[in-house]
Amino acid sequence: MDLKLYDTLTREKRVFVPLDPSNVRMYVCGPTVYDFAHIGNARPVIVFDVLFRLLRHLYGAAHVTYVRNITDVDDKINARAAEEYPDLPLNEAIRKVTEKTDKQFHDDVAALGCLPPTVEPRATEHIAEMKALIERLIASGNAYVADSNVLFSVRSMPDYGKLAKRSLDEMIAGARVEVAPYKRDPMDFILWKPSKPGEPAWPSPAGIAAPGRPGWHIECSAMSWKYLGETFDIHGGGIDLVFPHHEDEIAQSRCAFHTPLMANFWMHNGFLQVEGEKMAKSLGNFVTIHELLATDKFGAMRWDRAVLRLAMIKTHYRQPIDWTVRALEESKAIIHSWADAIQPHIVEPYDRSLSVPNLLIEALCDDLNTPLALAEMHKMAHAARDGDETSARLLAGAADFFGLHRSAWDSKLDQHIFDSAFNSRVDDLIAARNQFRKARNFAESDRIRDELAKLGVVLHDNKDGTTWEIAR
RNA sequence: GGCCACGUGGCGGAGUGGUUACGCAACGGUCUGCAAAACCGUGUACCCCGGUUCAAUUCCGGGCGUGGCCUCCA
């Protein structure tokens with residue numbers, strides 16, 4: 001089956017052919033570790049996790065290399081460190097901030113069911129590769145030294161602006177930034193810059209005496225080079241990174257290696273809004289992954305990981321997505337209806353004999369059409385409720401493929417259930433109620449049902465007896 | 001101001017040059033002491049204006065609206 005992916009560079013959907021099927025290579029821009037990851041940060045992580053899973057399915061888990069970097073050198077990190085730990089030396093404060101944030105990020109994305117990438121390189125551990133690239137770019141006449149900075153000369157690259165689909169002249173006409181006097185061209189960007197005293201600093205390349213640190217763009221060119229080579233298959237990230245970040249990565253890598261392409265496919269996920277508005281701290285609608293999972297700040301409840309993940313893949317990755325309480329409630333309803341459909345067939349979570357439905361793979365092979373894949377899952381759920389065990393197993397397999405954590409679906413796994421005192425109390429009340437029902441004393445039986453409802457227990461009267469679950 | 005996207009029923013959201021998407025919610029029914037769940041059924045859509053076409057929600061142009069980038073923000 002052909003996998004088709006949309007490529008931002010050519011603005012077309014086309015068949016994906018790996019450079020080397022025994023090692024399919026993907027790079028995705030990871031977080032800058034200075035604060036809790038918000039739900040917008042979660043989108044590319046989840047989107048490319050789904051792609052990673054699909055590639056592993058198509059080419060074999062051992063034949064896919066997924067690299068997602070950690071940016072741990074950055075002005076925002078410096079600022080945060082100085083703010084949070086004003087009494088510590090800056091470098092020590094920076095280490096505290098990056099270590100803490102890095103751990104939070106990994107806890108959050110693991111909770112969201114994302115597989116760990118094959119490699120997660122840190123920028124500060126790849127300074128040597130960055131300097132090597134910078135030296136190459138200077139040697140090839142694509143970069144120059146000015147005022148202890150190293151800058152990339154955009155005029156040296158005829159194709160500059162192709163990804164963002166705008167010419168240099170258009171960019172300059174629209175620019176609203178002040179241009180540093182040492183730049184040869186207003187659009188030239190920093191590869192290396194001098195550090196202020198106390199800031200992280202490394203010996204500079206290009207014979208610059210003052211110690212310095214890398215610009216933002218060069219790190220991704222360096223790390224993708226080290227782990228994936230000069231040209232690789234897929235480069236992903238949020239659409240906001242198209243310009244300047246990815247444009248500049250392309251310029252650096254292609255000029256350093258004299259290659260026509262950096263990656264064969266450039267993939268970008270759409271932006272995320274919250275309740276119809278841009279997410280911003282100033283608007284007070286900033287919502288972190290941690291808050292969704294562990295607090296009731298958004299929508300007055302904690303959300304299950306599967307609900308969050310489903311809410312994310314319900315929309316095609318290139319479409320804008322509006323993150324709303326209503327959408328989460330809908331996702332929750334869907335998860336529960338699937339849980340109900342699977343439950344009678346007793347498909348164990350982590351059952352390794354489950355297979356991934358072909359219809360699911362077919363949908364995903366069409367540029368990751370997750371909404372269509374979910375529609376197929378609804379059909380499976382329908383058949384499962386009709387008693388078809390095969391469909392139940394397919395649905396479970398599909399859910400597992402998507403990382404929807406079925407183990408958390410069953411409300412009976414709620415912590416209440418492990419409380420045997422609570423259990424026996426519920427069972428006693430149900431027995432009492434059924435006595436009243438048998439005696440047709442419905443006033444009393446309804447009173448008991450209300451009492452149970454107050455405990456969060458919902459009853460289902462079936463032919464064979466009464467079952468219960470924790471209210472959803 | 002420049003550039004780039006997007007605009008489908010109450011809501012979410014695929015897709016297609018002519019044929020039911022799907023889901024959530026709502027409504028009617030079956031079942032049930034009543035509920036709940038489940039099942040069956042029902043309704044409402046393709047931003048506006050032109051053009052191409054036998055036929056456009058789908059292609060082209062314009063408009064309006066929303067968003068993104070141009071500010072090291074996924």
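By convention in this document, chain letters (A, B, ...) are assigned in the order of the sequence lines, proteins followed by strands, and residues within each chain are numbered from 1.
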Exercise. Are A:His126 and A:Tyr227 close enough that their ring centres sit under 6.0 Å apart?
Worked result: yes
Exercise. Counting side-chain heavy atoms from CB outward, which of B:C24, B:G68, B:C34 is closest to A:Asp446?
Worked result: B:C34
Seminar exercise, completed: d(A:Thr101 OG1, A:Asp108 CG) to nearest 0.5 Å is 10.5 Å
Exercise. A:Tyr66 versus A:Phe48: any side-chain heavy-atom pair under 4.5 Å?
Worked result: yes
Exercise. Touch check for A:Arg213, heavy atoms < 4.0 angstrom, all strands: base, sugar-phosphate only, or nothing?
Worked result: nothing
Exercise. Just how far, in rounded Å, is P of B:G33 from CZ of A:Arg449?
Worked result: 12 Å
Exercise. If you measure from the ring centre of A:Phe271 to the centre of the six-membered ring in the base of B:G67, is it under 5.5 Å, with the planes under 30° apart?
Worked result: no
Exercise. With both distances under 3.5 angstrom, what nucleotide forms a Watson-Crick or G-U wobble pair with B:A26?
Worked result: B:U42
Exercise. Would you say a side-chain N or O of A:Lys379 is under 4.0 Å from OP1 or OP2 of B:C22?
Worked result: no
For this session: Using whole Å, report how far CD1 of A:Ile321 lies from P of B:U66.
Result: 21 Å
Exercise. Using a cut-off of 4.0 Å on non-hydrogen atoms, how would the nucleic acid contact of A:Ser445 be classed: base, sugar-phosphate, or nothing?
Worked result: base
Exercise. When we call it a touch if two heavy atoms are under 4.0 Å apart, what does A:Asp248 touch: a base, just sugar-phosphate, or nothing?
Worked result: nothing
For this session: Could you please name the option among B:C24, B:A14, B:C72 that lies closest to any side-chain atom of A:Pro371?
Result: B:A14
Problem set entry | From A:Ile239 atom CD1 to A:Asn269 atom CG, the distance as rounded to the nearest 0.5 Å | 8.0 Å
For this session: Decide yes or no, distance alone: a donor-acceptor N/O pair under 3.5 angstrom between the base of B:C72 and the side-chain of A:Asp75.
Result: yes
For this session: Mind checking A:Gly237 for me? I need base, sugar-phosphate or nothing, with any heavy atom below 4.0 Å counting as a touch.
Result: sugar-phosphate
Problem set entry | Distance, C1' atom - from B:G15 to B:C72, rounded to whole angstrom | 39 Å
Exercise. Under 4.0 angstrom, heavy atoms only, what part of the nucleic acid is A:Lys438 near: base, sugar-phosphate, or nothing?
Worked result: nothing
Exercise. What's the closest nucleotide to the A:Thr315 side chain, out of B:G33, B:A74, B:G13?
Worked result: B:G13
Exercise. Roughly how far apart, to the nearest Å, are B:G65 and B:C54 at atom C1'?
Worked result: 34 Å
For this session: Just call it for A:Leu459: base, sugar-phosphate, or nothing, with non-hydrogen atoms closer than 4.0 Å on any strand.
Result: base
Exercise. What nucleotide, of B:G7, B:G68, B:A74, holds the atom closest to the side chain of A:Asn269?
Worked result: B:A74
Exercise. Which whole-number value in Å describes the distance from A:Glu376 CD to B:G23 C1'?
Worked result: 13 Å
Exercise. Starting at CG of A:Asn149 and ending at P of B:C72, how long is that distance when rounded to a whole Å?
Worked result: 15 Å
Exercise. Checking A:Arg14 against A:Phe265: charged group under 6.0 Å from the ring centre and within 45 degrees of the axis?
Worked result: yes
For this session: Remember a base hit wins even if backbone is also touched, and classify A:His38 as base, sugar-phosphate or nothing at under 4.0 Å, heavy atoms.
Result: base
Exercise. What is the nucleic acid contact for A:Glu329, judged by heavy atoms within less than 4.0 Å: base, sugar-phosphate only, or nothing?
Worked result: nothing
Exercise. Rounded to the nearest Å, what distance is computed from the CG atom of residue A:Asn41 to the C1' atom of nucleotide B:A74?
Worked result: 6 Å
Problem set entry | P-based separation of B:G17 from B:G12 [nearest Å] | 25 Å
Exercise. What is the nucleic acid contact for A:Arg68, judged by heavy atoms within less than 4.0 Å: base, sugar-phosphate only, or nothing?
Worked result: nothing
Exercise. Starting at NZ of A:Lys314 and ending at C1' of B:G12, how long is that distance when rounded to a whole Å?
Worked result: 4 Å
Seminar exercise, completed: A:Ile334 has its side chain closest, among B:G23, B:C69, B:G33, to B:G23
Seminar exercise, completed: The answer to which of A:Ala164 and A:Phe243 contacts RNA chain B further toward the 5' end, by nearest nucleotide, is A:Ala164
Exercise. Quantified in whole Å, what is the P atom distance between nucleotide B:A35 and nucleotide B:U30?
Worked result: 11 Å
Exercise. On RNA chain B, nearest-nucleotide positions of A:Arg11 versus A:His217: which is more 5'?
Worked result: A:Arg11
Problem set entry | C1' spacing across the pair B:G7 / B:C49, given as an integer number of angstrom | 16 Å
For this session: Could you please name the option among B:A35, B:C24, B:C40 that lies closest to any side-chain atom of A:Asp461?
Result: B:A35
Exercise. Is there a side-chain contact between A:Leu54 and A:Val50, using heavy atoms and a 4.5 Å cut-off?
Worked result: no
For this session: Tell me which nucleotide among B:G33, B:C72, B:C34 gets nearest to the side chain of A:Lys193.
Result: B:C72
Exercise. Heavy atoms under 4.0 Å, any strand shown: does A:Asp322 hit a base, just sugar-phosphate, or nothing?
Worked result: nothing
Exercise. So, is A:Lys165 near the phosphate of B:A5, with a side-chain N or O under 4.0 Å from OP1 or OP2?
Worked result: yes
Problem set entry | A:Leu310 CG to B:G12 C1', straight-line distance once rounded to whole Å | 11 Å
For this session: Would you indicate what A:His246 reaches in the nucleic acid, counting non-hydrogen atoms under 4.0 angstrom: base, sugar-phosphate, or nothing?
Result: nothing
Exercise. Can we say A:Asp461 and A:Arg433 salt-bridge, meaning some charged N sits less than 4.0 Å from an Asp/Glu carboxylate O?
Worked result: yes
Problem set entry | Any donor-acceptor N/O pair under 3.5 Å between B:C39 base and A:Asp386 side chain | no
Exercise. What nucleic acid atoms does A:Ile190 come within less than 4.0 Å of, heavy atoms only: base, sugar-phosphate, or nothing?
Worked result: nothing
Exercise. C1' atom, B:C4 versus B:G43: distance in rounded Å?
Worked result: 39 Å
For this session: With the side chain of A:Ala375 defined as its heavy atoms from C-beta on, choose the nearest nucleotide among B:A74, B:A14, B:C22.
Result: B:C22
Exercise. So does A:His378 get a side-chain nitrogen or oxygen closer than 4.0 Å to the phosphate oxygens (OP1/OP2) of B:G13?
Worked result: no
Problem set entry | A:Arg184 to A:Tyr144, cation-pi by 6.0 Å centre distance and 45° axis angle | yes
Problem set entry | Distance between P atoms of B:C48 and B:C22 (Å, rounded) | 24 Å
For this session: Sort out the partner of B:C6 for me: Watson-Crick or G-U wobble, both distances under 3.5 Å, none otherwise.
Result: B:G65
Exercise. Looking at CG of A:Leu360 and CG of A:Leu374, how far apart are the two atoms once the value is rounded to the nearest 0.5 Å?
Worked result: 8.0 Å
Problem set entry | Spacing of the P atoms in B:U16 and B:G2 (rounded, Å) | 33 Å
For this session: With the side chain of A:His382 defined as its heavy atoms from C-beta on, choose the nearest nucleotide among B:C40, B:C6, B:C24.
Result: B:C40
Problem set entry | Under-4.0 Å side-chain N/O to phosphate OP1/OP2 contact, A:Arg326 with B:C24 | no
Exercise. Per the side-chain hydrogen bond (donor to acceptor under 3.5 Å, both in side chains) rule, which among A:Glu129, A:Gln252, A:Glu249 passes with A:Ser221?
Worked result: A:Gln252
Seminar exercise, completed: Scanning all shown strands, the Watson-Crick or wobble mate of B:G1 with both distances under 3.5 Å is B:C70
For this session: Compare the minimum distances between each of B:C11, B:A74, B:G7 and the side chain of A:Gln319, then state the nucleotide with the smallest one.
Result: B:G7
Problem set entry | Value in whole Å for how far the P atom of B:C31 lies from CZ of A:Arg385 | 21 Å
